Amino acid sequence: MSALPASHPLVDGRVADAPLLAALKGERPSHRPVWFMRQAGRSLPEYLEARRGTTMLESCLTPALAAEITLQPVRRYGVDAGIFFSDIVVPMKVAGVGVEIAAGVGPVFERPIRTMADVEALPALGEAGDGGAFDASLEPIREAVRLTVAELGGTPLIGFAGAPFTLAAYMVEGRPSRDHLGARRLMIEAPEVWDALTAWTSRAAGLFLRAQVLAGASAVQLFDSWAGSLAAADYEAHCRPGSAAALAAVEDLPVPRIHFAAHGSHLLRPMAEAGATVMGVDYRLPLDEASRLLGGAYPLQGNIDPARLGAPAEVLEAHVLDVLARGAEAPGHVVNLGHGVPPETDPDQLQRIVDLVHTRG
């Protein structure tokens with residue numbers, strides 16, 4: 001395995017006793033660890049205040065601000081991990097692709113990528129650490145990670161990237177889509193174009209993950225927002241190779257690799273085979289069933305239903321306890337939501353979950 005820097009939290013011992021890392025390795029820590037996808041922002045008043053006057057991408061690329069936003073939920077809730085504050089289109093933005101995040105819409109690209117000529121016109125990405133333009137453009141990311149881990153102490157940081165299918169789907173459509181029909185059509189009608197595009201997005205995602213790990217992240221998560229729209233056969237033929245390439249970019253580093261797809265319960269096995277060491281499970285599939293489906297071979301992460309965050313306390317508590325009981329069937333279990341924190345979530349509800357998991361998990 002490649003060596004991490006001597007100052008890395010996994011090397012200098014800072015996170016040696018972290019419950020999160022124990023669970024991700026299939027061990028049973030002193031308490032069940034918990035963190036929330038999209039905990040760094042959206043529902044927190046301190047996040048809204050910190051973001052005032054900045055765009056989303058400006059916030060992601062301002063190291064001190066990105067670090068502060070990453071740290072906010074750790075301070076407030078006492079969760080067992082920080083998730084790096086970023087956005088899945090940041091690698092494209094820093095590479096020089098024309099993209100902005102439009103309020104109320106999401107990522108919008110200057111021009112869609114639909115032909116081989118479009119793919120060939122994408123910026124060159126080079127190799128990690130080669131000093132090229134893309135490598136240099138990742139320095140704000142590395143600096144934000146360094147600032148974050150300096151403050152986290154014994155709490156690990158999870159690095160983050162969007163999966164190649166989701167990145168490519170955005171680039172083909174040019175903006176968010178309900179059914180991703182354009183991307184699905186391209187992979188069938190022009191597979192050579194699709195393969196070339198996902199080779200580029202997998203390289204971007206992999207280099208983005210690797211930069212975060214080498215700067216101090218102790219685990220990574222590959223998040224596939226839209227892979228759930230695919231049939232299993234199409235995922236295996238046209239999506240899994242890209243995800244495998246992205247995860248392979250950190251395979252030589254001693255960090256757990258979490259793989260999660262929204263609405264992707266029917267894809268658990270092929271997703272795991274893409275190179276994951278831990279599988280995230282959405283809210284539709286009970287964790288005990290997920291563990292059986294995977295042959296009990298993977299620690300699991302999940303899967304509280306975000307729709308229950310506004311439920312009465314007794315309803316939410318019963319649901320969390322059920323998730324804990326079912327998660328105990330897996331070799332290791334990290335409590336999380338089965339998707340991200342909705343923007344309207346009352347932070348007190350998340351605090352109740354953290355307190356309940358830490359006392360009953």
Side-chain angles (χ1 to χ4, degrees), residues 57 86-102 105-126 134 160-209 221-249 259-276 282 339:
L57 291 177
S86 191
D87 189 272
I88 63 172
V89 301
V90 165
M92 289 99 97
K93 179 69 174 179
V94 301
V97 174
V99 59
E100 296 296 339
I101 299 178
V105 178
V108 177
F109 288 81
E110 287 182 3
R111 63 187 189 92
I113 306 296
R114 294 172 182 167
T115 68
M116 189 62 78
D118 293 334
V119 176
E120 291 172 348
L122 289 170
L125 298 176
F134 183 65
F160 158 85
F165 170 78
T166 290
L167 300 182
Y170 273 125
M171 296 175 83
V172 170
E173 303 282 0
R175 59 179 51 234
S177 164
R178 289 187 176 181
D179 57 12
H180 321 294
L181 185 61
R184 292 189 288 126
R185 183 180 291 139
L186 183 68
M187 69 172 59
I188 302 302
E189 296 178 358
E192 70 286 353
V193 177
W194 176 259
D195 290 347
L197 177 56
T198 53
W200 190 92
T201 57
S202 66
R203 187 74 180 144
L207 291 172
F208 190 57
L209 289 176
Q221 173 160 303
L222 193 66
F223 186 98
D224 216 333
S225 303
W226 307 127
S229 67
L230 295 174
D234 286 336
Y235 176 88
E236 294 201 43
H238 302 291
C239 183
R240 185 174 68 181
S243 290
L247 290 169
H259 202 180
F260 174 82
H263 309 294
S265 296
H266 64 298
L267 304 174
L268 279 184
R269 275 194 276 195
M271 285 178 63
E273 292 165 0
D282 74 13
H339 200 196

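Because the structure is predicted, anything quoted here is derived from the model rather than measured. Residue numbers count from 1 along this sequence.
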| note | The ring-ring contact (aromatic ring centres under 6.0 Å, His included) partners of Phe160 (sequence neighbours excluded) come to none
| message | Run the side chain to side chain donor-acceptor pair (under 3.5 Å) test against Ser225 and tell me which residues pass, sequence neighbours left out. | response | none
| field | All side chain to side chain donor-acceptor pair (under 3.5 Å) counterparts of Gln221, not counting sequence neighbours | value | Gln301
| said: Can you list everything that forms a side chain to side chain contact (heavy atoms under 4.5 Å, CB included) with Pro112? Sequence neighbours excluded, please. | reply: Arg114
Would you give me the side-chain donor-acceptor pairs under 3.5 Å for residues 190-200, sequence neighbours excluded?
unit_1	atom_1	unit_2	atom_2	d
Trp194	NE1	His238	O	2.8
Thr198	OG1	Trp194	O	3.0
Thr198	OG1	Asp195	O	3.3
Trp200	NE1	Pro123	O	2.8

| message | Give me each pair satisfying salt bridge (charged side-chain N to carboxylate O under 4.0 Å, His left out) with a member in residues 88-102, each pair once, sequence neighbours excluded. | response | Lys93-Glu100
| note | For Ser177, the side chain to side chain donor-acceptor pair (under 3.5 Å) test, sequence neighbours excluded, returns Asp179
| From Leu125 atom CG to Phe208 atom CZ, the distance as rounded to the nearest 0.5 Å | 13.0 Å
Donor-acceptor contacts, no H, no angles, side chain residues 261-275, under 3.5 Å, sequence neighbours left out:
unit_1	atom_1	unit_2	atom_2	d
Ser265	OG	Asp282	OD1	2.5
Ser265	OG	Asp282	OD2	3.4
His266	NE2	Leu230	O	2.8
Glu273	OE1	Arg240	NH1	2.8

| Taking only residues two or more places apart in sequence or in another chain, which ones pass side chain to side chain donor-acceptor pair (under 3.5 Å) with Asp118? | Arg111, Thr115
| request: To the nearest 0.5 angstrom, please state how far the OG1 atom of Thr201 sits from the CG atom of Leu122. | output: 9.5 Å
| query | Residues in side chain to side chain contact (heavy atoms under 4.5 Å, CB included) with Ala102, at least two apart? | reply | Val105, Val108
